[in-house]
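Below, chain A is the first sequence line, B the second, and so on; all start at residue 1. Note: hydrogens, waters and symmetry copies are ignored here, and every other heavy atom, side chains too, is used.
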Amino acid sequence: MSDLIHITNDILEVEKIVSLVSHPELGGISVFIGAVRNRTQGKNVVRLEYEAYEPMAVAEMTRICNRLKEQWSDARVAIHHRVGILTVGEAAVVIAVATPHRDHAFAACKFAIDTLKETVPIWKKEVFEDGEVWVAAHP
Amino acid sequence: MSDLIHITNDILEVEKIVSLVSHPELGGISVFIGAVRNRTQGKNVVRLEYEAYEPMAVAEMTRICNRLKEQWSDARVAIHHRVGILTVGEAAVVIAVATPHRDHAFAACKFAIDTLKETVPIWKKEVFEDGEVWVAAHP
Amino acid sequence: MKIQVLLFGIARDIVGSSQLSLSHDGALDVKTFKQILKDKYPKMSHLSYFKVAVNQEFAKDDRVLNEGDEIALIPPVSGGSF
Amino acid sequence: MKIQVLLFGIARDIVGSSQLSLSHDGALDVKTFKQILKDKYPKMSHLSYFKVAVNQEFAKDDRVLNEGDEIALIPPVSGGSF
């Protein structure tokens, strides 16, 4: 696990993650922050529990970075994902992509989060006042 | 000038700007950071000077936010632009857009920076070792 | 042949444990392995899907499992809440 | 009629001042105003473009300027470096 790809129990610090990709020749930085929402389907979320199959999650995140750099060869990218117990409003994932120009930064950052949501083995359990559910588990 | 729309001589703090738009019901936050690049057309940039026609710049940024909310009605948006003397790597502009889902956040944030670059009266002078130039002034 | 299987999220809740040992006579591919699990734990069939990872990579149905492989069940990942 | 014009960026450098006073007989629209400036400061014609803002809003060519309006020259804004 490098600095750029990181799974942690700690609060994600956006400024620090941005500084990992910022570079004098890269003028556009697109950051995505996925935060814990309060309500899904009308129920109050008390907290969320994120669980990772950590070595594979790191491997998948590394594959995402490699695929991203195949398409945007001058990009720098960092993906940090939080696990453990999160409360509403906190960031679960922060992705930062720096490229020379902004259009590539947006496209590459969107590619990273879209792919992460499909392939990275991290699971989210929503805990409500009256129960809990693994998100997306059932049709 | 509200907290959300801000022109300042001070360093832009990404974390603080993100916190202005973050909200328990908005799970996706797209942030764009425009940073000072080192080289344009092969010349070393020593520093940049940003100058604003401030009241109109604030008015234009407000119009951008209003147009953005016409299209993405549940978005929250903050636009902070720095002026004065900046050095390479520093952020000149930070835009943060929070929406319930991520696709809208990306699209709205891209709309904001694209429009800002077209309409907001802020000018950039690149200072090289051997001269200076107002960016985009000449064809 | 005996394999160890790592379980996460709802798959762990269904099985009631974070690891599972499985014995099988002869060659075992991913497709057959998934069917064995569904037979043993019918609730697995109610999931949107589940995938199998071998040595930290997603494996196709025809992949043959070997003793010593790191095998994991991957129920649906976190989905679209942001 | 007398108007005050605010100047920024390269327009200020061309004129050599951050404000400009202009007297004109009769009605003056944006189009004529721009032509007067180009005649007086030929370097203005070398810019990619310049726009005129009236009371902090971009004005079209047929907009008539009035005394007391806040008039500003808007040379090309910062462009595509990120």
Side-chain angles (χ1 to χ4, degrees), chain B residues 1 7 32-41 43 45 48-64 66 81-83 86 88-95 110 113-128 131-139, chain D residues 3-22 30 33-35 37-82:
Chain B
M1 190 148 63
I7 294 176
F32 178 76
I33 301 163
V36 174
R37 290 178 66 191
N38 189 17
R39 297 164 75 82
T40 32
Q41 295 152 358
K43 282 178 145 188
V45 177
L48 275 95
E49 297 176 17
Y50 281 87
E51 171 182 321
Y53 172 20
E54 194 166 313
M56 180 171 168
V58 169
E60 279 299 325
M61 284 153 74
T62 305
R63 278 174 211 125
I64 291 171
N66 293 341
H81 208 301
R82 198 166 156 204
V83 290
L86 278 75
V88 169
E90 291 187 323
V93 60
V94 176
I95 299 177
K110 197 168 178 317
I113 180 64
D114 287 349
T115 313
L116 181 143
K117 299 283 286 183
E118 270 174 30
T119 70
V120 175
I122 295 179
W123 298 272
K124 179 166 64 178
K125 186 161 76 174
E126 289 182 334
V127 181
F128 308 106
E132 54 184 52
V133 64
W134 286 102
V135 175
H138 293 104
Chain D
I3 56 170
Q4 298 287 330
V5 184
L6 303 172
L7 301 166
F8 298 94
I10 194 161
R12 189 189 53 231
D13 286 0
I14 290 173
V15 174
S17 164
S18 63
Q19 280 213 25
L20 176 69
S21 291
L22 206 89
V30 165
F33 169 62
K34 287 171 90 171
Q35 194 53 54
L37 285 167
K38 285 181 188 171
D39 293 343
K40 201 165 172 187
Y41 305 99
K43 281 185 180 170
M44 287 292 209
S45 305
H46 303 157
L47 299 180
S48 307
Y49 65 85
F50 69 93
K51 294 181 185 174
V52 173
V54 179
N55 301 328
Q56 303 172 11
E57 231 173 315
F58 290 108
K60 295 199 174 140
D61 275 355
D62 59 359
R63 167 77 176 256
V64 174
L65 304 177
N66 295 305
E67 267 190 34
D69 280 342
E70 181 175 317
I71 297 162
L73 287 199
I74 312 289
V77 299
S78 66
S81 115
F82 48 73

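You'll find the side chain of D:Phe8 stays beyond 4.5 Å of the side chain of B:Ile122, heavy atoms only. When side chains are defined from C-beta on, B:Trp134 does not count as touching D:Pro75, because their heavy atoms never get closer than 4.5 Å.
Between B:Tyr53 and D:Ala72 the shortest heavy-atom distance is CE2-CB, 3.4 Å. Between B:Ala136 and D:Ser48 the shortest heavy-atom distance is O-OG, 3.3 Å. Of all the heavy atoms in B:Glu118 and D:Val77, the pair that sits closest is O-CG2, 3.5 Å.
For chain D, no part of B:Val133 is nearby; none of its heavy atoms comes within less than 4.5 Å. Looking at B:Ala52, the atoms closer than 4.5 Å to chain D (heavy atoms on both sides) all sit in the backbone: N, CA, C or O. Of the two parts of D:Phe58, the backbone and the side chain both hold a non-hydrogen atom closer than 4.5 Å to a non-hydrogen atom of chain B. If you measure heavy-atom distances from B:Glu60 to chain D, the contacts under 4.5 Å come from the side chain alone. Of the atoms belonging to D:Asp13, it is side-chain heavy atoms, and not backbone ones, that fall under 4.5 Å from chain B.
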Open item on the list: Determine whether B:His138 and D:Ile10 satisfy the following criterion, side chain to side chain contact (heavy atoms under 4.5 Å, CB included), listing intermediate values before the conclusion.
Closed with: CA-CA 10 Å; B:His138 293 104; D:Ile10 194 161; 3.2 Å; yes
TODO: Could you please spell out the steps behind the side chain to side chain contact (heavy atoms under 4.5 Å, CB included) verdict for B:Glu51 and D:Arg12?
DONE: CA-CA 11 Å; B:Glu51 171 182 321; D:Arg12 189 189 53 231; 2.7 Å; yes
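How far CG of D:Asn55 is from CE of B:Met56: 10.5 Å, rounded to the nearest 0.5 Å. Of the inter-residue distances, the one linking D:Lys51 atom NZ with B:Thr119 atom OG1 reads 8.0 Å to the nearest 0.5 angstrom.
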